[in-house]
*Asks:* 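My questions all concern the structure below.
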There are 2 protein chains.
Amino acid sequence: MAYQSERLIAQTREVREASGVSQRALSKRAGLTQSHISQIESGKMEPGLSSFIDITRALDLELMLVPKKLVPAVLGLVKAQATPNMHIHAGQPNDKRFARAERLVKKMKELYGSSADLDRVEDTLRFLRRVNLNDQEMQLVRELIARLERYQASDQAAPIVRDIAQNLQRLRNSIAHGGSAEPRAAYSLDEGDDDA
Amino acid sequence: MAYQSERLIAQTREVREASGVSQRALSKRAGLTQSHISQIESGKMEPGLSSFIDITRALDLELMLVPKKLVPAVLGLVKAQATPNMHIHAGQPNDKRFARAERLVKKMKELYGSSADLDRVEDTLRFLRRVNLNDQEMQLVRELIARLERYQASDQAAPIVRDIAQNLQRLRNSIAHGGSAEPRAAYSLDEGDDDA
DNA sequence: TCCTCCGATATAGGATCATGCATCACTCAA
DNA sequence: TTGAGTGATGCATGATCCTATATCGGAGGA
């Protein structure tokens, strides 16, 4: 329950996963228990304000109060910068990450059948794997993969897969298409992508 | 305790007071009890995340997650918009005057210890700072601040501080209560000042 | 004066947070 | 297979949140 905080909690989870930080590692940094964090992230309990602040701090985030009128502006600011920030500890080397993601896609295709979107995901992953990605780009890929893992079994998976496919392809195009390209970044630190 | 959340809580209190909303009115909007809000604001208890979100929502604020790196930028954004485009006297000498006065009060509290009157002065200054004052009102504030500066070190300071506190609070009440109907609040929150 | 509103405080009881274990099923690498 | 890592789950205990209700002193306004 507690629909109000769902979005904030989901954001911390996305950042944590995108940074390659495990619940146990986070629990040590934040001074909480892994069990506690698991229950919070899975919506089984509602954290106290200070617990939640501990979590955000441990993720190098800050909880800020913003007048409603300025929310879109702040959102734009955050989105534009796409936080190439968390080097904390890349849990896995990149190609392992890609390998795992490709296995996941393969499994999904077996379980739920092939789809154009899954094909696109597979295709772009294969491409991106062979390219040198900068921090920002890698960050984006990490987040997209994390989302894919999280929602793989959801009955809402279809539109999410579609969105992931689009983001991956956009990244691929911007790379293949000549160096600069804008930090197109459909980023995660804002709009909730979930859920029901 | 809970130093991390103190700042956020203090902010909600400032916004609430600046909007002329009582704890009781806020409690109705947020769906909490007045006693609860009092204890939170005075630091006697730590709210749950959802309770705190209820409070912020009721104050037309949004709780946002921002990468630490972007905090200064967001702060600048918020601060820039904090005062509406209302016809403020150019150059903001008023703001500086308030800032100076608040520093003075803080210093006095350090030197001579806290007192109810100093607290009142501090509170009312914080309120008045965010409000558009007409010439007459600003004149009164100027005089009061000048008196405070003049008598800060006097051994007769106590009754003078008391008198200043009373005058400031009277002014605040007349404004918050809509007495003189004029430009008004920087933070506009609909005036549902009712309560039980 | 009487009345209203303010914020702070007290009490009691029920709900839930949070910890500290332990354990589970799962995935991956050696 | 074995060992390590992941997140989810269970459970007992203690802490504290949160409500509901009532009261208090202080500050106006009628």
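In what follows, every chain begins at residue 1, and chains take the letters A, B, ... in the order their sequences are listed. Both backbone and side-chain heavy atoms feed into the values below; hydrogens, waters and symmetry mates do not. Note that the structure is a prediction, hence the values are computed from the model and not measured.
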*Asks:* Are B:Thr33 and D:dA20 close enough that a side-chain N or O sits under 4.0 Å from OP1 or OP2?
*Replies:*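 Answer no for this pair, as no side-chain N or O of B:Thr33 is under 4.0 Å from OP1 or OP2.
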*Asks:* Go through the N and O atoms of the side chain of A:Gln34 and the base of D:dA8, and report whether any donor-acceptor pair is under 3.5 Å.
*Replies:*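 Answer is yes: a donor-acceptor pair is held.
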*Asks:* Let's see if you can work this out: which of D:dC18, D:dA22, C:dG7 has an atom nearest to the side-chain heavy atoms of B:Ser35?
*Replies:*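 Within the option list, the nearest is D:dA22.
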*Asks:* Is the closest side-chain donor-acceptor distance between A:Glu62 and A:Thr56 under 3.5 Å?
*Replies:*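 Result is no, nothing qualifies.
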*Asks:* Rounded to the nearest Å, what distance is computed from the CG atom of residue A:Leu49 to the C1' atom of nucleotide D:dC18?
*Replies:*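 Going from CG in A:Leu49 over to C1' in D:dC18 covers 15 Å.
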*Asks:* For atom NZ of A:Lys69, decide whether the heavy atoms of other residues, nucleotides or ligands shown that lie under 6.0 angstrom number more than 12.
*Replies:*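 Open: at most 12 neighbouring heavy atoms sit under 6.0 Å from NZ of A:Lys69.
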*Asks:* Compare the minimum distances between each of C:dA18, D:dC18, D:dT19 and the side chain of B:Met45, then state the nucleotide with the smallest one.
*Replies:*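 Taking heavy atoms from C-beta onward, the closest nucleotide is D:dC18.
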*Asks:* Measure from CD on B:Gln23 to P on D:dT19 and round the result to the nearest Å.
*Replies:*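 So the CD-P distance, B:Gln23 to D:dT19, works out to 14 Å.
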*Asks:* OP1 or OP2 of D:dG7 versus the side-chain N and O atoms of A:Ser42: is any pair under 4.0 Å?
*Replies:*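 For D:dG7, OP1/OP2 do not have a side-chain N/O of A:Ser42 under 4.0 Å.
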*Asks:* Would you kindly give the CD-to-C1' distance between B:Glu46 and D:dA15, to the nearest whole Å?
*Replies:*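 Answer to the nearest Å: 13 Å.
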*Asks:* Can you tell me the distance, in whole Å, between the NE2 atom of A:His36 and the P atom of D:dT9?
*Replies:*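 One finds 15 Å between P of D:dT9 and NE2 of A:His36, rounded.
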*Asks:* Passes side chain to side chain contact (heavy atoms under 4.5 Å, CB included), A:Leu63 versus A:Leu49? Steps please.
*Replies:* CA-CA 10 Å; A:Leu63 201 52; A:Leu49 176 59; 4.3 Å; yes
*Asks:* When we call it a touch if two heavy atoms are under 4.0 Å apart, what does A:Ile37 touch: a base, just sugar-phosphate, or nothing?
*Replies:*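 Since no nucleic acid heavy atom lies under 4.0 Å of A:Ile37, the category is nothing.
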*Asks:* Within this structure, what is the CD-to-P distance between A:Glu17 and D:dA8, rounded to whole angstrom?
*Replies:*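 To the nearest whole Å, that distance equals 8 Å.
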*Asks:* What is the separation between atom CD on B:Glu41 and atom C1' on C:dG7, rounded to the nearest whole Å?
*Replies:*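 It is 9 Å, rounded to the nearest whole Å.
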*Asks:* Tell me whether the OP1 or OP2 atom of D:dA8 has a side-chain N or O from A:Gln39 closer than 4.0 Å.
*Replies:*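 It does not, given that no N or O in the side chain of A:Gln39 lies less than 4.0 Å from OP1 or OP2 of D:dA8.
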*Asks:* If you round to the nearest 0.5 Å, how far is OG of B:Ser51 from CE of B:Met45?
*Replies:*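 It comes to 9.5 Å.
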*Asks:* Rounded to the nearest angstrom, tell me the gap between atom CD1 in B:Ile40 and atom C1' in D:dC18.
*Replies:*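 From B:Ile40 CD1 to D:dC18 C1': 9 Å.
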*Asks:* From the options D:dC17, D:dT6, C:dA8, select the nucleotide whose nearest atom is closest to the side chain of A:Arg24.
*Replies:*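 That would be D:dT6.
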*Asks:* Indicate whether OP1 or OP2 belonging to D:dT9 is found under 4.0 Å from a side-chain N or O atom of A:Lys44.
*Replies:*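 Affirmative; the distance criterion is met.
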*Asks:* What nucleotide, of C:dG7, D:dC17, C:dA18, holds the atom closest to the side chain of B:Ser22?
*Replies:*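 It is C:dG7.
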*Asks:* What's the closest nucleotide to the B:Arg16 side chain, out of C:dT19, D:dC18, C:dG7?
*Replies:*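 From the listed options, C:dG7 comes nearest.
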*Asks:* Nearest-Å distance, CG (A:Asp54) to P (C:dC17)?
*Replies:*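 The answer, rounded to whole Å, is 16 Å.
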*Asks:* I'd like to know if the side chain of A:Ser42 reaches the main chain of A:Ser38, judged simply by a donor and an acceptor atom lying under 3.5 Å from each other, with no hydrogens or angles considered.
*Replies:*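 Side chain of A:Ser42 to backbone of A:Ser38, a donor-acceptor pair under 3.5 Å: yes, one is there.
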